[in-house]
Protein chains: 2
Amino acid sequence: MRAAPRVTAVIGALADPTRRAVFERIVEAGEANVAFLTKGASVSQPAVSQHLRALKTAGLVAERREGRNVHYRAEPQGLSPLVDWLSVYGMFWRERFANLETLLKEIDP
Amino acid sequence: MRAAPRVTAVIGALADPTRRAVFERIVEAGEANVAFLTKGASVSQPAVSQHLRALKTAGLVAERREGRNVHYRAEPQGLSPLVDWLSVYGMFWRERFANLETLLKEIDP
DNA sequence: GAATCCCATAAGCGTATGCTTATAGATTAA
DNA sequence: TTAATCTATAAGCATACGCTTATGGGATTC
């Protein structure tokens with residue numbers, strides 16, 4: 001399975017601080033429309049829309065139209081190419097991931 | 001603790017496919033000099049050196065001079081800003097799913 | 001239907017980025 | 001010392017990227 005292109009897309013989408021902040025905000029809010037994201041962003045509404053398109057293309061967010069509002073939500077599995085990459089090239093971090101998983105299972109079995 | 005700049009640096013360094021391939025090659029080889037990395041890369045030797053500098057600046061590789069050769073090795077902890085970021089904005093989801101599972105079990109045991 | 005609101009797209013601009021060739025720097029070999 | 005080898009830097013160029021303002025496209029409200 002050739003996953004390199006997807007890794008490039010995901011990492012590329014997260015590379016820009018402004019765009020990453022938009023994504024973080026969506027994750028925290030659960031769901032957010034463009035107006036909400038624009039307030040809080042340091043750029044214009046069109047810029048936010050462009051970032052949202054980039055995130056959508058990378059598979060990191062999905063949209064849900066509701067009247068004239070468009071609600072964006074994070075797409076969990078969108079990060080998996082990056083997680084997979086880290087599980088290979090993150091070397092000893094692999095242990096960390098494993099530990100974190102077991103920790104979560106212990107806390108919440 | 002304000003880690004966003006380091007995340008940006010790390011992700012930015014890994015965003016370019018060519019540069020990421022250089023890093024992957026270093027990880028796989030354990031240690032590699034510039035000539036070795038240039039063979040196998042699809043770009044010129046100066047381009048490889050420039051990528052190495054970017055990786056070094058991001059804290060992802062370190063160098064060891066040996067005569068006229070310079071050996072590069074991966075710097076494991078350099079990835080930690082990215083791992084930490086994922087543990088917040090990526091792992092977050094696993095936790096959510098775990099909670100959802102327990103919730104479902106409680107409702108319908 | 002007109003006005004209003006929310007969001008997306010278009011066009012243009014400045015800058016950042018990655019590449020190349022040419023050259024400098026550092027170290028070893030003849 | 002001179003030549004040869006390995007790597008880094010410099011300069012220049014083409015393209016990609018992120019932003020802005022202006023405008024278009026739907027959906028609601030009056």
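Computation of the quantities below employed the complete heavy-atom set of this structure, encompassing side-chain atoms and omitting hydrogens, waters and symmetry-equivalent molecules. So that the names make sense, note that chain A is the first sequence line, chain B the second, and so on, each numbered from 1.
Under the rule for a side chain to side chain contact (heavy atoms under 4.5 Å, CB included), the partners of B:T57 that lie at least two apart in sequence or sit in another chain are B:R53. Under the rule for a side chain to side chain donor-acceptor pair (under 3.5 Å), A:R73 has no partner lying at least two apart in sequence or in another chain. Under the side chain to side chain donor-acceptor pair (under 3.5 Å) criterion, A:S49 pairs with A:Q45, not counting sequence neighbours. Evaluation of the side chain to side chain contact (heavy atoms under 4.5 Å, CB included) rule for A:A41 yields A:V43, A:V48 as partners, not counting sequence neighbours. Residues satisfying the side chain to side chain contact (heavy atoms under 4.5 Å, CB included) test with A:E63, not counting sequence neighbours, are A:K56, A:V70, A:Y72. In this view, A:A29 and A:A32, A:F36 satisfy the side chain to side chain contact (heavy atoms under 4.5 Å, CB included) rule, not counting sequence neighbours. Among residues two or more places apart in sequence or in another chain, the salt bridge (charged side-chain N to carboxylate O under 4.0 Å, His left out) test is passed with A:R64 by A:E31, A:E66.
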Name every donor-acceptor pair, under 3.5 Å, that has one atom in a side chain of residues 11-18 of chain B and the other anywhere in the protein, sequence neighbours excluded.
| unit_1 | atom_1 | unit_2 | atom_2 | d |
| --- | --- | --- | --- | --- |
| B:D16 | OD2 | B:T18 | N | 3.3 |
| B:D16 | OD2 | B:R19 | N | 3.0 |

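Protein atom CD of A:E63 is 18 Å distant from nucleotide atom P of C:dC6, rounded to whole Å. Going from atom CZ of B:R64 over to atom C1' of D:dT7 covers 15 Å, rounded to whole Å. The separation between A:K39 atom NZ and C:dC6 atom P is 11 Å, rounded to whole Å. If you measure from atom CG of B:N33 to atom P of D:dT5, you get 15 Å, rounded to the nearest angstrom. Rounded to whole angstrom, the span from the CG atom of A:L14 across to the P atom of D:dG18 amounts to 12 Å. When the P atom of D:dC6 is taken as reference, atom NE2 of B:H71 falls 11 Å away, rounded to whole Å. Straight-line distance from the CZ atom of A:R20 to the P atom of D:dC17: 17 Å, rounded to whole Å. In this structure, A:K56 atom NZ and C:dC7 atom C1' are separated by 11 Å, rounded to whole Å.
When heavy atoms are screened at a 4.0 angstrom cut-off, A:Y72 is found touching the sugar-phosphate backbone but no base atom.
Distances shown here put a side-chain N or O of A:N69 below 4.0 Å from the OP1 or OP2 atom of C:dC7. A close approach under 4.0 Å does not occur between any side-chain nitrogen or oxygen of A:R53 and OP1 or OP2 of C:dA8.
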Give me, pair by pair, the N or O atoms of the protein and of nucleotides 12-16 of chain C that are less than 3.5 Å apart, along with how far apart they are.
none

Listed pairs, N/O of protein and of nucleotides 14-16 of chain D, under 3.5 Å:
none

Taking only N/O atoms, report every protein-nucleotides 19-21 of chain D pair under 3.5 Å with atom names and distance.
| unit_1 | atom_1 | unit_2 | atom_2 | d |
| --- | --- | --- | --- | --- |
| D:dC19 | OP1 | A:T18 | OG1 | 3.2 |
| D:dC19 | OP2 | A:H51 | NE2 | 2.2 |
| D:dT20 | OP2 | A:S44 | N | 2.9 |
| D:dT20 | OP2 | A:S44 | OG | 2.8 |
| D:dT20 | O4 | A:Q50 | NE2 | 3.0 |

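Closest approach of A:A74 to A:V27, counting heavy atoms only: CB-CG2, 3.8 Å. Between A:P81 and A:G78, the closest heavy-atom pair is CD-O, 3.2 Å.
Taken to the nearest 0.5 Å, the NE2 atom of A:H51 stands 14.5 Å off from the CZ atom of A:F23.
No side-chain heavy atom of B:V34 sits less than 4.5 Å from a side-chain heavy atom of B:H71. Counting only heavy atoms from C-beta outward, the side chains of A:V22 and A:V61 never approach each other to under 4.5 Å.
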side-chain hydrogen bond (donor to acceptor under 3.5 Å, both in side chains) for A:R6 and A:S80? Distances and angles first, verdict last. CA-CA 9 Å; A:R6 299 202 54 207; A:S80 55; 5.1 Å; no

Contact string for nucleotides 25-30 of chain D, one letter per nucleotide 5' to 3', B = base within protein heavy-atom range under 4.0 Å, S = sugar-phosphate only, - = neither, reads --BBS-

